[in-house]
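These notes concern the structure reproduced below.
Residue numbering restarts at 1 for every chain, and letters A, B, ... go by the order of the sequence lines. Values in this document were obtained by computation on a predicted structure and should not be read as measured data. Computed from heavy atoms alone, side chains included, the values below leave out hydrogens, waters and symmetry copies.
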2 protein chains.
Amino acid sequence: MNVSIGRAAPHPGRRGRRLSRRLRRGDLLAAACPSREILRHLTSRWGVLVLMVLEGGTHRFAQLRRTVGGVSERMLAQTLQWLEGDGLVLRVALDVVPPHVEYSLTPLGREAARKVRSLADWIEVNLHRVEAARNARSG
Amino acid sequence: MNVSIGRAAPHPGRRGRRLSRRLRRGDLLAAACPSREILRHLTSRWGVLVLMVLEGGTHRFAQLRRTVGGVSERMLAQTLQWLEGDGLVLRVALDVVPPHVEYSLTPLGREAARKVRSLADWIEVNLHRVEAARNARSG
DNA sequence: GGAAGTACCAACATGAATGTTAGTATAGGC
DNA sequence: GCCTATACTAACATTCATGTTGGTACTTCC
């Protein structure tokens, strides 16, 4: 039961047809689904952390860089561009010297950030349970 | 306000000390925090999808492979080992020929899967909103 | 005057994640 | 007998994310 047929078909027979016609809902289990790209951006190494921080309010670039431990300038810029491109992050550049740019979440981004932070919170809280499982395994 | 000081310090001054002493809670914003690794496993390209599928019930290896569109054998095995190592997935191998192995979620894994699926659901449902944002930008 | 801060980008280098192929031992269907 | 299916692993290849360095044009602090 529950075994889909097409192997890499755009839409395996999960709950596809009828629902997708109504809602245009994506299907992450389908290899070709555009949702996959959004998932990659959201779950990229820094995407999760950036969204979490921005959920706490507007930040400037260097401020984000200091807050997110270990991120390089290049990857922070890259990540912000991904999220901006997906309509999750709003970039406002004040035309002054030296540069002043403010990053914040769009309404869409705020929704995504809530989901992402929920996952992150769970990890932080349950870290010790995972470590316990690891120790139980390795002896 | 809210600007942490140490750049890659193990524990920036967010909400650290007092809380971590009470709960041993991880801090994903700290570069060295072990939570980072769990996050990587959970948000790896296939981790999210595997957890989603396993939330729907016990699966065998080949069954998973067919259900998760586009995953290679190697990466499926790798991902399952990561998740098993973190105590999220339970692997039960029946000693028969040909091999028969069943994968399911541990209680810990079920919690994680719920979070992850919540995010995935959000993406699938809001895919069109993201695409609208993209078109608004480029078009 | 020199250093540091701002918000990046381009070029190059690296490393980890991912993909590809081949192989294992055996059973069952045709 | 041959093909498929099972659940993988090892070796090798590749691609992409990520890191590193150097540069920008200007200001303020020391």
Side-chain angles (χ1 to χ4, degrees), chain A residues 3-5 7-8 28 31-32 36-50 53-54 58-86 89-104, chain B residues 3-5 7-8 28 31-32 36-50 53-54 58-86 89-104:
Chain A
V3 183
S4 63
I5 301 154
R7 52 181 57 201
L28 278 167
R36 288 269 177 104
E37 199 190 342
I38 307 174
L39 181 66
R40 274 218 319 280
H41 295 166
L42 282 177
T43 62
S44 70
R45 178 161 181 193
W46 307 113
V48 176
L49 305 179
V50 165
V53 172
L54 286 185
T58 298
H59 282 67
R60 297 180 59 178
F61 186 87
Q63 196 180 7
L64 273 171
R65 174 145 153 72
R66 279 187 297 260
T67 306
V68 177
V71 71
S72 67
E73 293 192 351
R74 178 177 177 351
M75 285 319 298
L76 181 54
Q78 172 80 275
T79 303
L80 285 167
Q81 282 166 13
W82 283 336
L83 299 176
E84 193 198 353
D86 289 347
V89 161
L90 182 68
R91 187 192 117 110
V92 177
L94 312 182
D95 192 14
V96 294
V97 160
H100 182 120
V101 182
E102 297 188 334
Y103 291 95
S104 56
Chain B
V3 183
S4 62
I5 302 154
R7 53 183 56 201
L28 278 167
R36 287 269 177 103
E37 198 190 342
I38 306 173
L39 182 65
R40 272 217 320 280
H41 295 167
L42 281 178
T43 63
S44 70
R45 178 160 183 194
W46 307 112
V48 176
L49 304 179
V50 166
V53 172
L54 286 185
T58 298
H59 283 67
R60 297 179 61 178
F61 187 87
Q63 196 180 7
L64 273 172
R65 174 145 155 70
R66 280 187 296 261
T67 306
V68 177
V71 70
S72 67
E73 293 192 352
R74 177 176 175 352
M75 285 318 298
L76 181 55
Q78 172 81 273
T79 302
L80 285 168
Q81 282 166 12
W82 281 337
L83 298 177
E84 192 196 355
D86 289 346
V89 161
L90 182 68
R91 188 191 115 111
V92 177
L94 312 182
D95 192 13
V96 293
V97 160
H100 183 120
V101 181
E102 296 189 336
Y103 290 96
S104 56

Worksheet item: For the side chain of A/W46, counting heavy atoms from C-beta on, which of C/dC8, D/dA5, D/dT18 is nearest?
Response: D/dT18

Worksheet item: With a 4.5 Å limit on heavy-atom distance, are the side chains of A/L54 and A/L83 in contact?
Response: no

Item to complete: Taking only the side-chain nitrogens and oxygens of A/R74, find out if one of them lies under 4.0 Å from OP1 or OP2 of C/dT14.
Response: no

Worksheet entry | Presence of A/Q63 side-chain N/O under 4.0 Å of C/dA7 phosphate oxygens OP1/OP2 | no

Worksheet item: Under 4.0 angstrom, heavy atoms only, what part of the nucleic acid is B/Q81 near: base, sugar-phosphate, or nothing?
Response: sugar-phosphate

Worksheet item: Is the side chain of B/R36 donor-acceptor paired with the backbone N or O of B/L28 at a distance under 3.5 Å, no angle test?
Response: yes

Discussion item. So, OP1 or OP2 of D/dG19: does either fall under 4.0 Å of a side-chain N or O from A/R45?
Written reply: yes

Discussion item. Heavy atoms from C-beta onward define the side chain here; which of C/dC8, D/dT18, C/dA7 lies closest to that of A/M75?
Written reply: D/dT18

Worksheet item: B/L80 or A/W82: which one's nearest nucleotide on DNA chain D is closer to the 5' end?
Response: B/L80

Worksheet entry | Nearest-neighbour nucleotide for the A/A62 side chain, D/dT18, C/dA7, C/dA27 considered | C/dA7

Item to complete: Under the side chain to side chain contact (heavy atoms under 4.5 Å, CB included) rule, what do A/V101 and A/F61 come out as? Steps first, then yes or no, please.
Response: CA-CA 7 Å; A/V101 182; A/F61 186 87; 5.5 Å; no

Practice prompt. Would you please confirm or rule out a distance under 4.0 Å between OP1 or OP2 of C/dC9 and any side-chain N or O of A/Q78?
Written response: no

Worksheet entry | Presence of B/R60 side-chain N/O under 4.0 Å of D/dA7 phosphate oxygens OP1/OP2 | yes

Practice prompt. Calculate the interatomic distance between A/H41 atom NE2 and D/dC16 atom P; express it in whole Å.
Written response: 13 Å

Fill in: Between P of D/dT28 and NE2 of A/H100, the distance in whole Å
15 Å

Worksheet item: For B/L94 and D/dC8, what is the distance between atoms CG and C1' respectively, to the nearest whole Å?
Response: 15 Å

Worksheet item: Just to confirm, is there a sub-4.0 Å distance from OP1 or OP2 of C/dA17 to any side-chain nitrogen or oxygen of B/R40?
Response: yes

Worksheet item: Which nucleotide sits closest to the side chain of B/V97: D/dT27, C/dT26, C/dG19?
Response: C/dT26

